[in-house]
Amino acid sequence: MRYLVKARVKPGRKKALLAAIEKGTLGQGSVAGDEYLHNMRQARTAADGTAQWIEVCFCRVPLEEERPYWEEFFELISVKDAHARRNCQDLNGEKPWACCDCDCTKELEGRMQAQGCSFLERLADVG
């Protein structure tokens with residue numbers, strides 16, 4: 001399933017987050033692997049200063065595996081379905097692990113690119 005995540009970097013954690021991204025250690029130890037780095041490359045900064053990204057997660061509870069890794073650096077404001085659950089082939093049982101090679105994430109991320117500015121660029125500028 002795909003989720004729209006809205007989060008704010010915790011006070012005093014911007015430099016550590018940027019370092020973890022640059023060193024490739026963000027999410028280290030998680031089964032989600034490089035998804036954390038991919039999410040940060042795709043993330044956008046909204047007008048209110050929050051970061052927003054599309055997250056693919058197969059947990060029964062949204063972001064159950066990823067939450068502790070994100071919460072090291074972010075206050076998670078909201079985690080919402082990014083598209084209709086009935087259309088998710090993984091959730092409806094039509095195709096297990098469908099999100100791995102489905103075009104939905106690319107389409108959603110493509111639409112997000114037109115919103116706000118790059119979160120990574122903003123993070124590097126503020127550092």
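These numbers were taken from a predicted model, which means no experiment stands behind them.
With hydrogens and angles disregarded, no donor-acceptor distance shorter than 3.5 Å links the side chain of R44 to the backbone of Q52. In this structure a side-chain-to-backbone donor-acceptor pair under 3.5 Å is missing from E35 to V56.
Distance check: L123 CG to L17 CG gives 5.0 Å after rounding to the nearest 0.5 Å. With rounding to the nearest 0.5 Å, the separation of NE2 in H38 from CG in L26 is 13.0 Å. Atom OG1 of residue T25 and atom OH of residue Y69 lie 12.0 Å apart, to the nearest 0.5 angstrom. With values rounded to the nearest 0.5 angstrom, L4 atom CG is found 5.0 Å from I54 atom CD1. Taken to the nearest 0.5 Å, the CZ atom of F74 stands 10.5 Å off from the CZ atom of R13. Separating the OG1 atom in T45 from the CD atom in Q115 is a distance of 12.0 Å, to the nearest 0.5 Å.
Contact detail for A7 and L76: the closest heavy-atom pair is CB-CD2, 3.8 Å. Between L120 and M40, the closest heavy-atom pair is CG-O, 3.5 Å. The two residues D48 and K6 have their closest heavy-atom pair at OD2-NZ, 3.3 Å. P62 approaches R67 most closely through the heavy-atom pair O-NH2, 3.8 Å. Considering every non-hydrogen atom in both R122 and C117, the closest pair reads NH2-SG, 3.7 Å.
Look at K10 and E72 and you find no salt bridge, because none of the NZ, NE, NH1 or NH2 atoms lies under 4.0 Å from a carboxylate O.
Two rings, from Y36 and W53, have their centers 6.0 Å or more apart.
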Next item on the list: Evaluate the side-chain contact (heavy atoms from CB on, under 4.5 Å) criterion for residues F119 and V9: first the C-alpha distance (whole Å), next the side-chain angles of each, then the deciding distance (0.1 Å), finally the verdict.
Entry: CA-CA 11 Å; F119 173 73; V9 179; 3.7 Å; yes

Check: After noting the C-alpha distance and the side-chain angles of T50 and I77, does the key distance pass the side-chain contact (heavy atoms from CB on, under 4.5 Å) rule?
Finding: CA-CA 9 Å; T50 58; I77 297 168; 3.6 Å; yes

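No donor-acceptor contact under 3.5 angstrom links the side chains of E66 and S30, judged on distance only.
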